[in-house]
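Since the structure comes first, as structure tokens, the remarks are kept for the end.
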Amino acid sequence: MNYWLMKSEPGECSVDDALAAKNSTVPWVGVRNYQARNFMRDDMKVGDGVLFYHSSCAEPGIVGMAQVATTPYPDATQFDPESPYYDAKSKPAEPRWTLVDVQVIKKTRNLTLPELRATPALAELLMLKKGNRLSITPVTKEHWQVISQLL
DNA sequence: GCCAACGTTGGC
DNA sequence: GCCAACGTTGGC
């Protein structure tokens with residue numbers, strides 16, 4: 001069992017949007033970074049723990065607990081010319097971008113970015129590291145437990 | 001809107 | 001394979 005932190009812009013898909021979806025489950029569309037894709041494609045397992053993070057918004061922070069709900073499959077938006085995530089170089093026979101579905105288990109308070117930064121036990125949390133822009137990062141069991149206590 | 005930091009692209 | 005130019009992320 002692995003743990004992850006996954007960023008979503010609330011303007012695109014907030015934790016409330018996910019909760020409102022069928023089975024509180026959403027396909028994690030739009031990842032166009034190879035490292036983040038590889039985490040979904042190669043390392044995620046159904047049932048893995050996910051911290052749902054709101055980015056690019058007024059109060060960035062962890063807003064929910066979720067889990068990986070499916071095995072990887074192609075991101076449909078890459079083939080849709082109308083989608084902002086369209087990738088003309090990706091062919092259905094060889095999809096470049098894969099995703100998993102994420103199921104929200106519960107909405108939590110907003111454990112904000114300043115709070116995360118102020119927690120010494122989270123100093124090594126990957127998403128807090130300088131320059132890290134990855135939308136999906138692994139979380140250690142220790143960090144997961146610390147964050148669970150704070151939520 | 002700014003900017004630091006990183007990723008991707010493409011010429012060579 | 002190098003690297004400059006450009007694009008993107010994401011906090012502020």
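Note on naming: letters A, B, ... go to the chains in the order of the sequence lines (proteins, then strands), and numbering restarts at 1 for each one. Only a predicted model underlies this, so the values are computations on that prediction, with no experimental measurement involved.
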Residue list, salt bridge (charged side-chain N to carboxylate O under 4.0 Å, His left out) with A/Glu124, at least two apart or on another chain
A/Lys129
Can you name the side-chain hydrogen bond (donor to acceptor under 3.5 Å, both in side chains) partners of A/Asp48, sequence neighbours left out?
A/Trp4
For A/Lys7, what residues pass the salt bridge (charged side-chain N to carboxylate O under 4.0 Å, His left out) criterion, not counting sequence neighbours?
none
A/Asp43: what forms a side-chain hydrogen bond (donor to acceptor under 3.5 Å, both in side chains) with it, not counting sequence neighbours?
none
Please produce a list of atom pairs where a protein N or O lies less than 3.5 Å from an N or O of nucleotides 8-12 of chain C.
residue	atom	partner	partner atom	Å
C/dT8	O2	A/Arg133	NH1	2.4
C/dT9	O3'	A/Arg133	O	3.3
C/dG10	OP1	A/Lys7	NZ	3.0
C/dG10	OP1	A/Arg133	O	2.8
C/dG11	OP1	A/Tyr53	OH	2.8
C/dG11	OP2	A/Ser56	N	2.9

Using a cut-off of strictly less than 4.0 Å, decide whether A/Lys130 has a side-chain nitrogen or oxygen near OP1 or OP2 of B/dA4.
no
Result for 5'-nearest mapping on DNA chain B, choosing between A/Gln35 and A/Lys89, is A/Gln35
With sequence neighbours left out, what residues match A/Asp87 under side chain to side chain contact (heavy atoms under 4.5 Å, CB included)?
A/Gln78, A/Lys89, A/Ser90, A/Arg96, A/Trp97
